[in-house]
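Comments concern the structure below.
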Amino acid sequence: MDTFYITTPLYYVNARPHLGHTYTTLVADCLSRYKRMQGYDVCFLTGTDEHGQNIERAAAAQGVAPEVLADRNAGAYRKLWSRFGVEYDRFIRTTSKSHYAAASEVFQRAFDNGFIYKGEYSGWYCIPCNLFAPEADAAPDCDVCQRPTERVTEESYFFKLSVFQKQLLDLYEKHPEFINPISRRNEVVRFVSDGLRDLSVSRTSVKWGIPVPVADNHVIYVWFDALVGYLSGIGFGNSREQDQFRKYWPAQVQLVGKDIIRFHTVYWPAFLLAAGLPLPERVHAHGWWLKDEAKMSKSRGNVINPHLLLNHFGSDAVRYFLLREIPFGADGNFSYQAMIQRTNSDLANDLGNLVSRTLALISRNFENTVPPPAADPSSLENELKHHVLTTIEAYQGHMDRLAFSRALETVWDLLSRTNKYINVCAPWTMAGDEAQQPRLATILHTCAEVVRIVTVLLAPVLPVSCAKVWKQLGQREALNLQRLNRLQWSRELAGNRLGEVTPVFPRLDGKALLETLFGSGSGRRRKPADSRKKKAPPVPPDEAGKAAATTAAAAPADGSTIAIGDFAKIDLRVGQVVEADKVEGADRLLRLTVDLGRETRQILAGIAQAYAAESLVGRKIIVVANLQPRKLRGLESNGMLLAASVGAEDRPVLATFLEEVPNGARLK
RNA sequence: GGCGGGGUAGCUCAGUGGUUAGAGCGAAGGUCUCAUAAUCCUUAGGUCGGGGGUUCGAGUCCCCCCCCCGCUACCA
């Protein structure tokens with residue numbers, strides 16, 4: 001039997017699982033169920049990556065030992081996967097004994113083969129924080145504690161990544177399918193073509209890790225350690241499990257998020273080559289789920305809690321949504337509205353209702369038993385049957401390419417055709433008419449057969465619900481024992497006594513659900529789902545923006561940082577004041593007409609006490625150009641000026657330029 | 001700045017140089033009554049980012065520009 005080894009990344013245990021982890025894992029689960037139903041001997045591995053400085057530090061921050069944090073969060077992953085019905089075969093923890101042995105062995109092999117050498121790593125180091133700062137000409141202050149850094153030189157083992165450039169480029173060339181999707185492949189090819197630097201693969205500054213076999217005052221670099229988990233998880237380095245490793249390695253599919261593509265398509269194959277081990281067949285990178293078009297992050301407070309999703313929608317609906325909503329590989333925008341939408345229109349209306357009406361008609365007309373087709377099929381049946389057969393084929397074509405959304409679309413096209421078929425045939429008009437009984441039997445058998453086939457096809461995506469439908473169809477043999485390569489139009493349902501028929505996908509009351517999720521009334525999309533727990537007084541958007549831009553005090557007090565992408569959302573432009581006058585009846589407001597290059601705007605600014613209106617005309621200023629408009633004293637303000645806030649009375653001092661800049665130039 | 005990918009209906013996206021640019025969802029109207037206020041039918045809605053060009057004919061090919069995303073650059 002052909003084997004199929006599929007992996008998710010080993011998730012880092014410095015935090016609890018979020019929607020991104022859930023997505024990868026559910027995709028892997030779906031694909032491994034699908035491959036099992038194609039008859040493959042599947043091994044599905046997931047697990048946790050538990051070493052490194054970040055864990056060390058996160059644990060210290062919580063006042064616990066790293067082991068405790070790792071146990072706690074590894075447990076959180078397992079619990080979530082169990083709630084989602086994820087059927088993994090192996091769960092590898094990088095703190096397990098067998099993994100230690102495996103990581104040491106791979107390191108040792110690479111060392112013995114001459115690809116690891118001892119060198120020195122030198123950089124700006126913060127001694128109290130145990131942290132290297134980014135490379136710079138002069139000593140930078142530490143990012144964390146703001147104290148000055150010092151130049152230190154640390155002994156380190158280096159991996160000769162540079163010598164693998166050609167082999168890697170050959171790999172990408174000969175196996176274009178190694179990196180998916182193609183856009184990622186192009187990026188990686190380019191990155192490698194530009195040249196590779198040797199990689200530091202050991203640390204002396206970190207204690208929480210696996211000792212380097214040739215020098216136990218070093219620990220193995222956390223990525224080297226974690227990647228080996230794909231090997232140790234199926235028995236590499238464990239003498240009793242050698243046959244398992246030989247059976248499953250190399251992996252057929254390794255799923256990763258797009259943020260870790262380089263580790264998996266550059267470093268990982270290089271490590272394997274250095275250790276003399278075969279390379280995985282394909283690495284597939286997927287995108288991120290965004291919320292309100294922005295990356296989810298704790299600091300932004302827009303994180304989707306997978307448990308909450310599960311509670312409100314159930315695992316099948318979540319699985320369906322994640323696989324159906326976006327093409328696999330692309331980023332997607334998550335919204336509860338879309339989630340409700342999909343659940344109701346696809347699962348409840350199209351699929352669930354088709355099952356209900358079919359089974360109800362059979363139950364009513366044929367004493368709860370699926371009739372055999374009694375009349376010769378008409379062109380309607382033949383056409384539908386034809387679509388069923390092409391769907392079975394097209395579905396697998398898409399699934400094999402990991403095009404889950406396409407695969408599901410083909411099934412829904414079939415569902416739609418079947419609903420039409422029932423409407424056209426109108427079997428309910430035949431009830432009680434003896435002469436029409438054979439025709440009625442044929443119609444209902446046809447519908448039931450479509451339902452059967454669709455149920456088999458969708459079982460990997462909707463395992464819980466499909467198992468219910470399977471039972472309702474009166475099928476005895478387990479659903480997951482069905483084989484897709486043997487799936488064809490048949491009469492096997494004829495004579496089946498139906499199980500108890502209950503709606504499998506109940507319609508959601510969208511309005512009520514949103515109210516439960518967000519609290520009644522106001523909050524719609526903006527608020528995070530769990531906002532009720534930590535309710536903050538609402539702040540009008542522009543006031544919040546103003547506070548952030550004009551007073552240092554409003555910067556995050558906890559020293560947290562934002563990503564560059566957050567900053568990029570603010571459209572700062574050079575503007576020139578062309579007119580300025582005081583606003584009637586307001587003692588602080590000036591009304592400015594500002595030339596932003598391509599447009600001229602009215603902006604109101606509370607700076608009248610510091611600047612005379614006429615003194616501003618002609619002056620270059622910095623404008624936040626994409627701020628929501630706001631009416632002040634009845635006049636609309638389209639933007640905000642940047643100014644320092646000085647002294648106890650917060651006197652504004654306008655930001656400006658010493659050199660000539662064109663109006664409308666973007667600041668970044 | 002360099003390289004790559006994009007910009008098509010309210011939303012998500014299809015669209016080999018060839019009728020009148022499509023689908024799903026959403027919206028509006030209608031139909032049916034087996035079914036989960038479901039199904040089914042109809043309709044509305046688009047200067048295909050902008051401007052030039054090639055062509056009998058351009059969403060599609062070429063040039064210029066704008067915007068978005070990704071990767072990258074001692075960029076942040």
Item checked: Selection: residues 410-423 of chain A, any non-hydrogen atom under 4.0 Å of RNA chain B -> A:Ser416, A:Asn419, A:Lys420, A:Asn423
Item checked: Interface with RNA chain B, restricted to residues 440-468 of chain A and to heavy atoms under 4.0 Å -> none
Check: Which pairs with one or both residues in residues 433-447 of chain A pass salt bridge (charged side-chain N to carboxylate O under 4.0 Å, His left out), sequence neighbours excluded?
Finding: A:Glu381-A:Arg439
Notebook entry, point to check: Please, which pairs that meet salt bridge (charged side-chain N to carboxylate O under 4.0 Å, His left out) have at least one residue in residues 444-457 of chain A, sequence neighbours excluded?
Noted result: A:Glu449-A:Arg452, A:Arg452-A:Glu492
Note to self: So A:Val424, base contact, sugar-phosphate only, or nothing? Heavy-atom distance under 4.0 Å.
What the structure shows: nothing
For [X], check side-chain hydrogen bond (donor to acceptor under 3.5 Å, both in side chains) against everything at least two apart and list the hits.
{"X": "A:Arg185", "value": "none"}
{"X": "A:Ser315", "value": "none"}
{"X": "A:Asp170", "value": "A:Lys166"}

Note to self: Among residues at least two apart in sequence or on other chains, which ones pass salt bridge (Lys or Arg N to Asp or Glu O under 4.0 Å) with A:Asp198?
What the structure shows: none
Side-chain donor-acceptor contacts of residues 345-353 of chain A below 3.5 Å, not counting sequence neighbours, with atom names and distances?
{"from": "A:Ser345", "atom 1": "OG", "to": "A:Gln341", "atom 2": "O", "distance (Å)": "3.3"}
{"from": "A:Asp346", "atom 1": "OD2", "to": "A:Tyr320", "atom 2": "OH", "distance (Å)": "2.6"}
{"from": "A:Asp346", "atom 1": "OD2", "to": "A:Arg342", "atom 2": "NH1", "distance (Å)": "2.9"}
{"from": "A:Asn349", "atom 1": "OD1", "to": "A:Arg507", "atom 2": "NH1", "distance (Å)": "2.8"}

Check: For A:Arg417, which residues count as a side-chain contact (heavy atoms from CB on, under 4.5 Å) partner, sequence neighbours excluded?
Finding: A:Leu384, A:His387, A:Asp413
Margin query: Under the rule for side-chain contact (heavy atoms from CB on, under 4.5 Å), what residues qualify as partners of A:Ala431, not counting sequence neighbours?
Written below: A:Asn365
Please write out each protein N/O paired with an N/O of nucleotides 26-29 of chain B under 3.5 Å, distance rounded to 0.1 Å.
{"from": "B:rG26", "atom 1": "OP1", "to": "A:Gln341", "atom 2": "NE2", "distance (Å)": "3.2"}

